[in-house]
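Step one of this worksheet: look at the structure below.
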Amino acid sequence: MNSGKAAPEGLELAVELLRSSYLPVVSTGAGMSRESGVRTFRGEEGYWREHRAEDLASLEGIRKDPVLVWEWYRERLGACEELIPHKGYEALYRLQEHSGRLPVVTQNVDGLHQKAGIRDVIELHGSLRTASCLAGCGAPPVRMEQGLFENMPPRCVCGSILRPDVVLFGEDLPEQALKRALRLAGRCDLMIVVGTSMVVYPAAALPMIALRSGARVIEINTVETPLSSLEGTLFLRGTAGSVLPELAKAVIRSC
Ligand code: BV8
């Protein structure tokens, strides 16, 4: 394998699985964005090392300390605006072009998949594109941009605090997105799971549903997760930005 790096163990089998798959689905978590400069949520440099998840991404959190939560989102939005999708996104784009159909279910809210031209992205946890009235006054969502933060916390025209249109802990996921993701998990014959710690539900249930339905799972992660050692999972140790391009190159070249 060129690029000077040995291909991760199992890559050849992964290529075989992907080439022979009739309905592959991709599922991504925060690790997919890591090499574009977005910090992950957990692990040694995770966002939430300083704060518990519930203190930031929850309705109680935003009601209790709206400025803290909005400062966190302002930092993330600022980071997102400069983000460039890394080679792993380009690899997904090329695989999607090559196979014609490769739905991508993501837990991420940074919009990087779409920025890379990837289509058919199912955002399970919403996005940082808009914010809405926390009191639900019915005013239309407003675009999330730096100007929104002139006054902290950002407020709705009705005077109530705004909340980012992401799925906060304790909130239901968008019905259509979840329904489609569950259907794909139950019908796919291969799920490529990239960069998730398999902690947050119901997103973490998707690969389990795929396995239970007889599908194979290819997991790409820098460390093992509860998914890695399950029957039917092929664990490829490595980063999204290095493994996905190897996988795409080998699959496309072999056809
Ligand atoms: C729900 C949007 C029904 C916001 C997010 C008590 C009360 C209420 C609910 C619960 C409860 N107890 C449990 C629950 C369920 C809860 C949950 O799962 N909690 C966890 C903490 C146990 N889930 C919910 O609340 C969901 N809603 O269940 O509704 C309900 C309603 C009421 C009551 C009960 C149930 C809503 C969950 C959505 C929360 N919103 N995001 C925002 O982004 O600001 S979650 C957020 O964290 C992300 O979206 C993502 O889902 C999650 C982070 O997980 P990962 O993506 O996996 O990222 P992480 O950092 O953890 O891991 C990164 C991985 O990448 C690591 O494995 C690392 O090794 C790897 N990696 C690092 N670098 C690389 C790499 N891999 C490859 N390449 C690299 N370079």
Side-chain angles (χ1 to χ4, degrees), residues 5 8 26-62 68-77 79-80 85-89 91-92 104-113 121-132 144 163-175 177-178 181-182 192-208 218-228 233 235-247:
K5 279 203 201 97
V26 176
S27 177
T28 62
M32 180 71 199
S33 309
R34 186 69 199 83
E35 289 150 283
S36 284
V38 182
R39 288 164 63 187
T40 55
F41 289 85
R42 291 173 186 80
E44 71 293 338
E45 45 90 61
Y47 263 116
W48 290 341
R49 191 164 45 99
E50 306 93 62
H51 297 285
R52 290 181 334 121
E54 290 71 10
D55 298 340
L56 295 173
S58 72
L59 286 172
E60 305 78 70
I62 201 165
L68 169 76
V69 173
W70 270 111
E71 277 166 356
W72 182 54
Y73 279 104
R74 175 172 56 185
E75 181 192 317
R76 292 174 68 192
L77 183 77
C80 286
H86 57 70
K87 301 192 305 308
Y89 290 94
L92 284 186
V104 178
V105 180
T106 187
Q107 300 174 63
N108 301 341
V109 296
D110 53 33
L112 272 172
H113 296 83
V121 178
I122 300 148
E123 292 177 323
L124 283 182
H125 294 160
S127 82
L128 291 176
R129 275 185 287 277
T130 59
S132 300
M144 286 260 277
R163 43 87 35 98
D165 287 337
V166 298
V167 178
L168 299 171
F169 280 99
E171 286 191 310
D172 287 329
L173 275 61
E175 196 187 338
L178 180 58
L182 290 169
I192 303 172
V193 180
V194 188
T196 179
S197 60
M198 295 291 293
V199 165
V200 174
Y201 282 81
L206 297 174
M208 310 302 190
I218 295 170
E219 182 184 27
I220 297 170
N221 201 316
T222 48
V223 297
E224 297 199 5
T225 72
L227 179 63
S228 313
T233 297
F235 178 68
L236 299 183
R237 187 182 298 277
T239 69
S242 59
V243 175
L244 284 171
E246 296 280 359
L247 184 60

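Counting starts at 1 for both ligands and their atoms, following the listed order. FYI, side chains are in, hydrogens and waters are out, and symmetry mates aren't considered; it's all heavy atoms of this structure. Just so it is clear, the model here is predicted, and its values are computed rather than measured.
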Best match, G195, S36, G29: closest heavy atom to atom 63 (C) of ligand 1 | G195

With atom 3 (C) of ligand 1 as the reference point, say which of V166, D172, L59, L128 has the nearest heavy atom.
-> D172

Using a strict cut-off of 4.0 Å, indicate which atoms of ligand 1 neighbour a heavy atom of A30.
-> 55 (P), 56 (O), 58 (O)

Expected output: side-chain Y73 to main-chain L56 donor-acceptor under 3.5 Å | no

Shortest heavy-atom approach to atom 29 (O) of ligand 1 - which of E224, M198, E171 | E171

Could you state the interatomic distance from CD1 (I218) to CD1 (I192), rounded to the nearest 0.5 Å?
-> 5.0 Å

Looking only at heavy atoms, is any part of V109 under 4.0 Å from ligand 1, and if so is it the side chain, the backbone, or both, or is it neither?
-> side chain

For ligand 1, which atoms have a heavy atom of R76 less than 4.0 angstrom away?
-> 42 (C), 43 (O), 44 (O)

Run down the list V167, V243, V200 and name the one with the heavy atom closest to atom 5 (C) of ligand 1.
-> V167

Of the non-hydrogen atoms in L77 and L128, which two are nearest, and what is the gap between them?
-> CD1-O, 3.6 Å

Without hydrogens or angle criteria, can the side chains of E219 and S228 be said to hold a donor-acceptor pair below 3.5 Å?
-> yes

Near W72 (heavy-atom distance under 4.0 Å), the atoms of ligand 1 are 44 (O)

Under-4.0 Å heavy-atom contact with ligand 1, by part of T196 that carries it | both

Here the gap from S127 atom OG to H113 atom NE2, rounded to the nearest 0.5 Å, amounts to 13.0 Å

Here the gap from Y201 atom OH to L173 atom CG, rounded to the nearest 0.5 Å, amounts to 13.5 Å

Ligand 1 atoms in contact with V223 (distance to a heavy atom under 4.0 Å) | 69 (O)

Quick one: closest heavy-atom pair of L124 and L206, and the distance?
-> CD1-CD1, 3.8 Å

N/O of Y201 under 3.5 Å from N/O of ligand 1, yes or no?
-> yes

Backbone or side-chain N or O of Q107 under 3.5 Å from ligand 1 N or O = yes

Counting only N and O atoms by type, is there a donor-acceptor contact under 3.5 Å from the side chain of E35 to the main-chain atoms of H86?
-> no

Which pair of heavy atoms, one from A240 and one from G31, lies closest together, and at what distance?
-> CB-O, 4.3 Å

Filtering N221, L236, D165 for the heavy atom nearest atom 69 (O) of ligand 1 leaves N221

Out of G170, G241, A203, G88, whose heavy atom is nearest to atom 25 (O) of ligand 1?
-> G170

Atom indices of ligand 1, in the order listed, that fall short of 4.0 Å to a heavy atom of Y73 | 4 (C), 42 (C), 44 (O)

Closest heavy-atom pair and its distance - V199, A204 | N-CB, 4.2 Å

Which part of E35 is near ligand 1, with near meaning a heavy atom under 4.0 Å away: side chain, backbone, both or neither?
-> side chain

Tell me which part of M32 gets within contact of ligand 1: side chain, backbone, both or neither, using heavy atoms under 4.0 Å.
-> neither

Rounded to the nearest 0.5 Å, what's the gap from NE2 on H125 to CG on L178? Could you check?
-> 8.5 Å

Considering only heavy atoms of R34, which atoms of ligand 1 have at least one such atom less than 4.0 Å away?
-> 73 (N), 80 (N)

